Amino acid sequence: MNDRRGSGRKAKRIRERRRNVFIVSLCILFLIALGLGGRAVWTHTKEKEAQERARLLETSWEGAPPLDVQLLTVNDYSRPAIPLEQINAIAIHYTANPGATAQQNRDYFENLKDSHITQASSHFIIGLEGEIIQCIPSSEMSYATNARNVDTLSIECCHPDETGEFTPETYASMVELTAWLCGRFMLTSDDLIRHYDVTGKDCPKYFVEVPEAWEQFKEDVHTKMEEQKGET
């Protein structure tokens, strides 16, 4: 008799233990689902807020050169939506993929949200024919200039061959856009930097290997700024 009672109590404890495990498992699954749902809502809200800030800011850009605004999706790999508290410089880069278009480079940045290959982006990309695509609002940080991401606007520039030299069309848009940004954010041509000046990287290649071309670019930006002042 005592053996049967003992066996019954043991079986009851086993059933209770299994029930408790089941309840705990359900609670854990519920919390996971709740967390994922909350993160999705937070991410969506963050992106909507970022897009609205960008819309309000960029629509006030009177006098800017023609921009094809194709803002990247907010994500951790190319557009983190981290606010820029101050803009102290404009950084010039080259794409390092000869012959690639501005659109192709923009799409590469966009696809990083899925591929997770690296963290990379730029505020603007200037194409081989002088077209300008804006990828990130000027109010947000890009992943382009390493330690200077926190206080620079970045411009990636396409080039036709391995020398890194820019086409006349690309160069003209570089000068115009850079001069306009300097005027908008109260910078001068002395506030222009190369990626090379931050990390020693050979970027933009032509302006690193031909330093007089870099100095000429800065002079051309200064001249364009004076012209733009006269137009206002």
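Predicted model only: the values in this text are computed from it and were never measured. One-based numbering along the sequence shown.
Chaining together hydrophobic side chains whose heavy atoms lie under 4.5 Å apart leaves Ile133 on its own. Annotation for Tyr196: hydrophobic cluster partners, listed by chain and number, are Val208 (ILVMFWY side-chain heavy atoms under 4.5 Å, direct or chained).
A search for salt bridge (charged side-chain N to carboxylate O under 4.0 Å, His left out) contacts involving Lys218 returns nothing, not counting sequence neighbours. The side chain to side chain donor-acceptor pair (under 3.5 Å) search around Thr145 returns His93, not counting sequence neighbours. Considering only residues two or more places apart in sequence or on other chains, Thr178 meets the side chain to side chain donor-acceptor pair (under 3.5 Å) condition with none of them. The side-chain contact (heavy atoms from CB on, under 4.5 Å) test applied to Val150 returns Met141, not counting sequence neighbours. Judged as a side-chain contact (heavy atoms from CB on, under 4.5 Å), and not counting sequence neighbours, the contacts of Thr223 are Glu227. Under the side-chain contact (heavy atoms from CB on, under 4.5 Å) criterion, Ala172 pairs with no residue, sequence neighbours left out. Looking at residues two or more places apart in sequence or on another chain, you find no salt bridge (charged side-chain N to carboxylate O under 4.0 Å, His left out) involving Asp220. Evaluation of the side-chain contact (heavy atoms from CB on, under 4.5 Å) rule for Gln119 yields Tyr77, Tyr143 as partners, not counting sequence neighbours. For Asp161, the side chain to side chain donor-acceptor pair (under 3.5 Å) partners two or more places apart in sequence, or in a different chain, are Thr163.
Within the model, atoms CG of Asp68 and CD1 of Ile132 stand 10.0 Å from one another, a figure rounded to the nearest 0.5 Å.
No side-chain N or O of Glu131 forms a donor-acceptor pair with one of Ser173 less than 3.5 Å apart. Using modelled atom types, one finds a donor on one side chain and an acceptor on the other under 3.5 Å when comparing Asn97 with Asn105. For the residue pair Gln103 / Gln70, a side-chain donor-acceptor distance below 3.5 Å is found, with atom types taken as modelled. Checked by atom type, the side-chain pair Ser122/Ser142 shows no donor-acceptor distance below 3.5 Å. Using modelled atom types, one finds a donor on one side chain and an acceptor on the other under 3.5 Å when comparing Ser78 with Asn75.
Across all their heavy atoms, Ala81 and Glu140 have their closest contact at CA-OE1, 3.4 Å. Looking at every heavy atom in both residues, Ser138 comes nearest to Leu153 through O-CD2, 3.7 Å. Residues Leu128 and Gly99 come closest through the heavy atom pair CD1-O, 3.7 Å. Residues Cys135 and Ile125 share a closest heavy-atom pair of SG-CD1, 3.6 Å. Scanning all heavy atoms of the two residues, the minimum distance from Ser189 to Met225 falls at N-SD, 4.4 Å. Of all the heavy atoms in Tyr206 and Ala213, the pair that sits closest is CE2-CB, 3.7 Å.
More than 12 heavy-atom neighbours from other residues, nucleotides or ligands sit within 6.0 angstrom of CD on Glu212. Counting non-hydrogen atoms of neighbouring residues, nucleotides and ligands closer than 6.0 angstrom, the NZ atom of Lys201 reaches no more than 12 such neighbours. Other residues, nucleotides and ligands contribute only 12 or fewer heavy atoms inside 6.0 Å of the CD atom of Glu129.
A side chain to side chain contact (heavy atoms under 4.5 Å, CB included) with Ile136 holds for exactly one of Leu72, Leu84, Val74; it is Leu72.
Applying the ring-ring contact (aromatic ring centres under 6.0 Å, His included) test to every pair with at least one member in residues 150-177, sequence neighbours left out, gives these pairs: Tyr94-His159, Phe166-Phe207, Tyr171-Phe217.
Cluster membership check: Ile87 does not share its hydrophobic cluster with Ile193, using side-chain heavy-atom separations under 4.5 Å among Ile, Leu, Val, Met, Phe, Trp and Tyr.
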